[in-house]
Amino acid sequence: MRERLTERFPGLAVAGTFSPPFRPASADEDEETVRMINEARPDIVWVGLSTPKQEYWMAGHLGRIDAPVMIGVGAAFDFLAGTKRQAPAWMQKRGLEWLFRLLSEPRRLWRRYGKIVPQFMLGASLQLLRQKAELADNPKR
């Protein structure tokens, strides 16, 4: 992925890369990872461990990682590295990348998406309803 990105964006500075093992890290391994990231002094730490593992990792490392920003990127690394196909542009534009991925890998993703998508829809709906209620209570806002 580093090669593809620096080819595509010649001025890009990649402070470092790390691919952790497919198992929980020991306390010593985790400390080494934190040290390695902090020594590289990145502006942004891109975390691609899959949902929700990457979100838990970022939350657990808040205050330990010195970078000002950590971003969970899910399958973006796979797309950029060319190891996974991305949804057609028309699906991307309509926010349907998740559906393309579900149809591409149903055995792996159906449980995750069966939980995440309804939770997101409920949370987004509640947020919109709260905003609408706030606007009704305070029309000058």
Side-chain angles (χ1 to χ4, degrees), residues 1-9 11-141:
M1 187 178 74
R2 177 198 299 241
E3 288 171 20
R4 281 183 173 231
L5 286 175
T6 52
E7 237 174 61
R8 188 171 171 192
F9 306 101
L12 180 68
V14 177
T17 62
F18 176 69
S19 183
F22 287 99
R23 60 169 169 71
S26 70
D28 288 343
E29 289 171 325
D30 188 59
E31 284 303 316
E32 176 62 19
T33 301
V34 170
R35 184 196 60 72
M36 183 175 52
I37 292 170
N38 288 338
E39 282 183 2
R41 301 178 47 96
D43 295 316
I44 301 171
V45 176
W46 302 91
V47 183
L49 296 175
S50 178
T51 299
K53 188 176 178 183
Q54 65 197 20
E55 285 76 18
Y56 290 131
W57 188 90
M58 289 184 294
H61 289 80
L62 218 67
R64 296 176 59 205
I65 302 291
D66 295 335
V69 179
M70 289 190 281
I71 300 174
V73 294
F77 286 170
D78 296 314
F79 299 147
L80 291 168
T83 59
K84 272 192 184 158
R85 279 187 32 226
Q86 205 164 357
W90 71 267
M91 290 185 89
Q92 292 178 34
K93 289 177 186 171
R94 288 165 180 80
L96 296 174
E97 181 87 40
W98 67 271
L99 180 60
F100 178 83
R101 295 210 41 233
L102 177 61
L103 294 173
S104 300
E105 301 180 75
R107 295 180 82 193
R108 188 174 81 80
L109 297 174
W110 76 269
R111 277 191 194 95
R112 180 189 311 169
Y113 286 7
K115 182 178 180 182
I116 290 173
V117 172
Q119 284 179 340
F120 172 79
M121 297 298 281
L122 177 63
S125 298
L126 290 173
Q127 183 176 353
L128 289 171
L129 288 172
R130 274 194 301 272
Q131 287 176 339
K132 189 174 182 176
E134 288 173 11
L135 285 173
D137 290 344
N138 188 0
K140 293 181 181 179
R141 248 179 100 181

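Values in this document were obtained by computation on a predicted structure and should not be read as measured data. Side chains included, hydrogens not; waters and symmetry mates left out as well; all remaining heavy atoms used.
In this structure, OG1 on Thr83 lies 11.5 Å from CZ on Phe77, to the nearest 0.5 angstrom. Note that CD of Gln127 is 6.5 Å distant from CZ of Arg130, once rounded to the nearest 0.5 Å. Here Arg94 contributes atom CZ and Leu99 contributes atom CG; the two are 13.0 Å apart, rounded to the nearest 0.5 Å. If you take CD1 on Ile37 and CZ on Phe18, they are separated by 8.0 Å, rounding to the nearest 0.5 Å. Distance CD1/Ile65 to CE/Met58: 11.5 Å, rounded to 0.5 Å. Remark: Asp66 CG to Arg64 CZ distance equals 11.0 Å, nearest 0.5 Å.
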Verdict with reasoning, Arg85 to Phe100, per side chain to side chain contact (heavy atoms under 4.5 Å, CB included): CA-CA 9 Å; Arg85 279 187 32 226; Phe100 178 83; 3.3 Å; yes
Stepwise salt bridge (charged side-chain N to carboxylate O under 4.0 Å, His left out) test for Arg35 and Glu32: CA-CA 5 Å; Arg35 184 196 60 72; Glu32 176 62 19; 2.2 Å; yes
Test salt bridge (charged side-chain N to carboxylate O under 4.0 Å, His left out) applied to Arg101 and Glu97, step by step: CA-CA 6 Å; Arg101 295 210 41 233; Glu97 181 87 40; 5.7 Å; no
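Sorted by first and then second residue, the ring-ring contact (aromatic ring centres under 6.0 Å, His included) pairs involving residues 50-71 (not counting sequence neighbours) are Trp57-His61.
The shortest heavy-atom contact between Gln92 and Ala87 is NE2-O, 2.5 Å. The two residues Arg8 and Leu80 come nearest to each other via the heavy atoms NH1-CD2, 4.3 Å. Closest approach of Gly82 and Arg4 over heavy atoms only: CA-NH1, 3.7 Å. Closest approach of Leu103 and Pro106 over heavy atoms only: O-CD, 3.5 Å.
The local environment of CZ in Arg108 is crowded, with over 12 non-hydrogen atoms from other residues, nucleotides or ligands closer than 6.0 Å.
Contact check for Pro20 versus Thr33: no side-chain heavy atoms found under the 4.5 Å cut-off.
The salt bridge (charged side-chain N to carboxylate O under 4.0 Å, His left out) search around Lys84 returns Asp78, Glu105, not counting sequence neighbours. Residues meeting the salt bridge (charged side-chain N to carboxylate O under 4.0 Å, His left out) test with Arg23, sequence neighbours left out: Glu29.
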